[in-house]
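Have a look at the structure below before the remarks.
All residue numbers refer to positions in the sequence shown, counting from 1. Note that ligands are numbered from 1 as they come in the structure, with each ligand's atoms numbered from 1 the same way.
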Amino acid sequence: MSKNHEIQKEIQIGIIGYGTVGSGVVEVLEKNNDEIARRTGYQVKIKTVARRNWTGFDCKKLNFHCTENPREIVDDPEISVVLELIGGEEPARSLIIQAMKNSKHIITANKALIAECGEELFQIAKEQGVSLSYEAAVAGGIPVIKVLREAMSGNKIDRVAGIINGTCNFILSEMQEKKADFQEVLHQAQELGYAEADPSFDIDGIDAAHKLTILASLAFGVPLQFSKVLVEGIRNISAEDIENAAELGFVIRHLGIARRRENGIELRTHPTLINEDAMLARVSGVMNAVQIEGNAVGKTLYYGSGAGKLPTASAVVADLIDTIRDLDDDRASRIAPLGYSEIAYDTLSKHNELSPLAPDEFKSAFYLRLGVKDEVGTLAQITKILADNDISIASILQKTELDTDGIVPLIILTDPVIEKNMNLAVAAIENLPQTVGKLQKIRVGKF
Ligand code: NDP
Ligand code: HSE
């Protein structure tokens, strides 16, 4: 007999999606059933699981009903909580809306959906008096949503900066440590199940931008504004940049950054040079880490598995436990979904200190790499252009090796500069007759 025979209450749930995350959730719920019952006072029963195709499964041997029609879950009056683990916008959005209209609480791991349709979904959840939870949507197994929404709520948040795409981090750190080629490592990341179904979501920075959109709303109490995020991926990071960065005492990581400035907020995802002694610089492979800086606590860092079957399931199941704990409360959810009872919607219509800044107003230090002809006066012309645009140079490295055409690589590190100035300077430098090809520019972060 179960140790929990005294627990009388039962809650029935339905799971839509039985892929990496869905199957992980079933495994965790089965493995930790007794512990969850002790924590919540409820026995969780998985009533139905939906996927597109159950061919190859012996459904009679599974402890739940299998269906290929998610509406069986969404419309089932016995099911109180629906877990949406299929991903993408549709049909996930419509299924969630229908389930909420049928008074079901929702748990999702779908960052794309929350980042792009969260405002609409949270509004419907409020109207229906149900909860919509999404801990697994950012940084997989790291409970960073809870940290921002609850544990850090005594702070005014200054900056959130994170390695929030495991695939990008895996690729960049393998390129650095094993001197491996980009395409080869990407292929490995896909085989290991880290990359999204469409890997361009990862390597072009879109997945990180979805997550950053959510983190920024939680940090600053602003609407979800995916369209305001500067999105840059890692396709153009070469082995040469990684080597140069190492020579200068940096590593390159893909970061999502939400930063408060005096005149607005910066929302950006891009490759970044990080000083090698920073905590974030030590995060390798598919791991994620998020640094949150508050005006009372200072810097805090959260590290762990940002993807994968069981780590992601850990976050989904924690949301389920929270949902169950709130069941006997009149309120659908104790805490507003984005952590603020008043979201600063005015930032959408008029500019104030929480409005997203345009990317050319961002401020950052830069690493510049360019090929120049080894001629008298080249460096003087380049430094003049930088000075004319109010850009201060932190250091310069001119490589000694000339290639066969007499081109020499020049690396410049700048002090922090407004991006508008940097863009003007880059255009002018690229126009110089002594400059060959496009200039590579990567932002440098201080952590
Ligand atoms: P998978 O592709 O592994 O699984 C998706 C599942 O959804 C499959 O079982 C698929 O069925 C099912 N499915 C898709 N469309 C439908 C549909 N229309 N009706 C019924 N079932 C459907 O994805 P993941 O498990 O990796 O990801 C799920 C969600 O979790 C996504 O939002 C993802 O971004 C998020 N996430 C994933 C992480 C990870 O590490 N994988 C980490 C954090 C979040 P079938 O197999 O039959 O086609
Ligand atoms: N593709 C995502 C990543 C999965 O690489 O981080 C976790 O969200």
Which one holds for [X] and ligand 1: side chain close, backbone close, both close, or neither close, with close meaning a heavy atom under 4.0 Å?
X      : answer
Ala136 : backbone
Pro70  : side chain
Pro91  : side chain
Glu68  : neither

Pair [X] + [Y]: basic N to acidic O under 4.0 Å:
X      : Y      : result
Lys146 : Glu135 : no
Arg93  : Glu116 : no
Arg159 : Glu293 : yes

Residues in side-chain hydrogen bond (donor to acceptor under 3.5 Å, both in side chains) with Glu342, at least two apart?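 Partners of Glu342 under the side-chain hydrogen bond (donor to acceptor under 3.5 Å, both in side chains) test: none.
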
Gly140 near ligand 1 by a heavy-atom separation under 4.0 Å: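 It does not; every heavy atom stays at 4.0 Å or beyond.
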
N/O separation below 3.5 Å, Lys309 to ligand 1: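 No, Lys309 has no N/O under 3.5 Å of an N/O on ligand 1.
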
Please name all residues satisfying ring pair (Phe, Tyr, Trp, His ring centres under 6.0 Å) with Tyr134, sequence neighbours left out, ordered by chain then number.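 Partners of Tyr134 by the ring pair (Phe, Tyr, Trp, His ring centres under 6.0 Å) criterion, ordered by chain and then number, come out as Phe122.
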
Does at least one non-hydrogen atom of Gly140 fall below 4.0 angstrom from an atom of ligand 2?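 Gly140: no contact with ligand 2 (<4.0 Å).
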
Between ligand 2 and Ala307, is the shortest N or O to N or O distance under 3.5 Å?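 The answer is no, given that Ala307 and ligand 2 share no N or O pair closer than 3.5 Å.
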
Could you measure the distance from the CD1 atom of Ile237 to the CZ atom of Phe182? Nearest 0.5 Å is fine.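 Separation between the atoms: 9.5 Å.
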
Nearest non-hydrogen atom to atom 12 (C) of ligand 1 belongs to which of Ile86, Ile73, Val286, Val316?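 Checking each option, the heavy atom nearest atom 12 (C) of ligand 1 is found in Ile86.
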
For Gly166, counting its heavy atoms only, list the atoms of ligand 2 lying under 4.0 Å from any of them.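 Under 4.0 Å from Gly166, ligand 2 has these atoms: 3 (C), 5 (O), 6 (O).
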
Protein residue, atom and distance nearest to atom 2 (C) of ligand 2, heavy-atom basis: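 Closest protein heavy atom to atom 2 (C) of ligand 2: Glu196 OE2, 3.2 Å.
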
List the closest protein heavy-atom neighbour of atom 8 (O) of ligand 2: residue, atom name, distance to the nearest 0.1 Å.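 Of the protein heavy atoms, Lys111 NZ, 2.4 Å lies nearest.
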
